[in-house]
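In what follows, a single structure is set out as structure tokens and then discussed.
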Amino acid sequence: MDEIFAGISSFLESGKVSELKTPCYLIDEKKLDSNGKILASVISHTDCRILLAQKAFSNYDFYPLLENYISGTEASGLFEARLGKEEMPGKEVHVFCAAYRDDEFDELLTYADHIVFNSINQLARYGKYAKQKGKSIGLRINPECSTQQEHAIYDPCAKGSRLGVTRSVWDKEMTDDIFELLDGLHFHTLCEQDSDDLETTFKAVEEKFGDVLQWMKWLNMGGGHHITKSDYDVERLEKILIHAKKKWGVQVYLEPGEAVALNAGYLVTRVLDIVENNGVKIAILDSSAACHMPDVIEMPYTPPLLGADKGDSKPYRYRLGGPTCLSGDVIGDYTFDRELKTGDVLVFGDMAIYTTCKNNTFNGMPLPDIYRLKDGTVAERLTGFGYGDFKHRLGS
Ligand SMILES: *Cc1c(COP(=O)(O)O)cnc(C)c1O
């Protein structure tokens with residue numbers, strides 16, 4: 001808990017937080033830098049390459065910092081590919097999309113250098129053309145090896161998953177002509193997992209796809225590696241990466257999102273009101289789970305909150321909820337050392353990932369401004385939002 005808020009403690013002590021219009025996100029530059037250093041050390045120990053999966057974090061003001069440590073960006077489609085190309089120029093741009101479309105493909109090729117297809121149909125449809133344009137071509141495989149049960153919506157190996165080519169489909173559909181196009185294979189099966197699960201998954205990949213892997217130039221092991229978490233087994237990861245490179249002769253890529261910006265952001269919010277229902281005390285905040293931290297509901301999870309406990313260790317218990325009309329706009333139940341009151345400032349941790357790039361204006365909620373937290377002491381406003389950001393998405 002303390003570790004999660006260490007980067008913002010001086011700023012809070014200075015009292016400057018009370019000057020911020022809430023809700024707002026603070027992105028912790030120092031924490032991004034220390035995450036970057038961990039990733040750079042994996043790169044230097046193993047000769048792998050690491051890409052930022054932009055769907056988790058795409059606050060491009062920090063790309064000049066991150067590009068000191070990592071090899072490029074990974075995109076889920078046209079816009080992220082363009083952002084990566086524009087904001088991390090000169091670095092690699094990889095793209096994976098479940099299905100590409102004709103009307104975007106040419107433009108996509110102007111940004112991306114590595115194109116990963118999700119099916120043999122798509123590879124057959126676009127692969128030759130992309131190859132002629134000098135692109136490196138990959139196919140996402142599905143090793144059918146589920147290693148986590150906690151977050152079923154994040155399990156691409158579940159039965160019936162649309163993501164990646166299973167070996168039986170490969171055997172049915174792959175032809176020599178199509179195979180010849182391939183430079184690399186890609187798998188992405190993990191979510192917030194340690195390297196023991198990568199080891200299990202990679203064994204499954206070797207068993208199912210070893211005969212084809214030996215012909216590849218590169219292997220992308222996707223994201224979901226919790227590399228920058230304090231208890232992550234980096235040594236085991238490095239062993240796997242070195243083994244893969246040596247045994248199969250491939251350039252290994254990782255494309256973590258979460259690990260790049262883990263614990264590198266805070267959401268600062270204020271208490272607007274306290275209400276009570278059947279003995280439950282509820283604080284209504286000026287930030288919404290549904291709008292400003294959507295993964296709290298989607299994943300779901302309860303985010304860390306400074307000075308509060310998710311368990312029962314403190315005397316005053318509150319449910320924290322947002323100002324929207326959604327009954328389920330609840331962030332979670334926490335206990336505190338003292339009673340909450342209207343106007344109190346609360347600070348949620350680990351709010352850099354899947355937040356600023358995933359929030360929304362449901363209920364006409366304003367989007368929180370975004371600040372850079374410099375040296376842990378100065379908050380510099382990067383961007384702000386208003387009525388126009390709500391309205392322009394909706395009509396003429
Ligand atoms: C989501 C995703 C990532 C990043 O996942 P994290 O859990 O944020 O590390 C990387 N690659 C692909 C293909 C993804 O879908």
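Remember, it's 1-based here, ligands and their atoms both numbered in the order they're listed. By convention here, the first residue in the shown sequence is residue 1.
- Taking 4.0 Å as the cut-off between side-chain N and carboxylate O, K374 and E380 count as a salt-bridged pair.
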Review point. Would N59 and Y25 satisfy side-chain hydrogen bond (donor to acceptor under 3.5 Å, both in side chains), going step by step from the backbone distance to the final call?
Key: CA-CA 11 Å; N59 292 100; Y25 303 104; over 6 Å; no
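- For the pair C48 and V42, the tightest heavy-atom approach, listed with the atom from each and the gap, is SG-CG1, 4.1 Å.
- Listed by first and then second residue, the side chain to side chain donor-acceptor pair (under 3.5 Å) pairs that reach into residues 7-17 come to none, sequence neighbours excluded.
- Side-chain polar atoms of Y301 and E150 form no donor-acceptor pair below 3.5 angstrom.
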Check your understanding: Given F202 and H243, is the side chain to side chain contact (heavy atoms under 4.5 Å, CB included) satisfied, shown in steps?
Key -> CA-CA 10 Å; F202 188 56; H243 158 84; 3.6 Å; yes
Distances for all N or O pairs of ligand 1 and the protein under 3.5 Å?
{"from": "ligand 1", "atom 1": "7 (O)", "to": "G224", "atom 2": "N", "distance (Å)": "3.4"}
{"from": "ligand 1", "atom 1": "8 (O)", "to": "G257", "atom 2": "N", "distance (Å)": "3.4"}
{"from": "ligand 1", "atom 1": "8 (O)", "to": "E258", "atom 2": "N", "distance (Å)": "2.9"}
{"from": "ligand 1", "atom 1": "8 (O)", "to": "Y354", "atom 2": "OH", "distance (Å)": "2.6"}
{"from": "ligand 1", "atom 1": "9 (O)", "to": "G224", "atom 2": "N", "distance (Å)": "2.8"}
{"from": "ligand 1", "atom 1": "9 (O)", "to": "G257", "atom 2": "N", "distance (Å)": "2.9"}
{"from": "ligand 1", "atom 1": "11 (N)", "to": "E255", "atom 2": "OE2", "distance (Å)": "2.8"}
{"from": "ligand 1", "atom 1": "15 (O)", "to": "K55", "atom 2": "NZ", "distance (Å)": "2.7"}

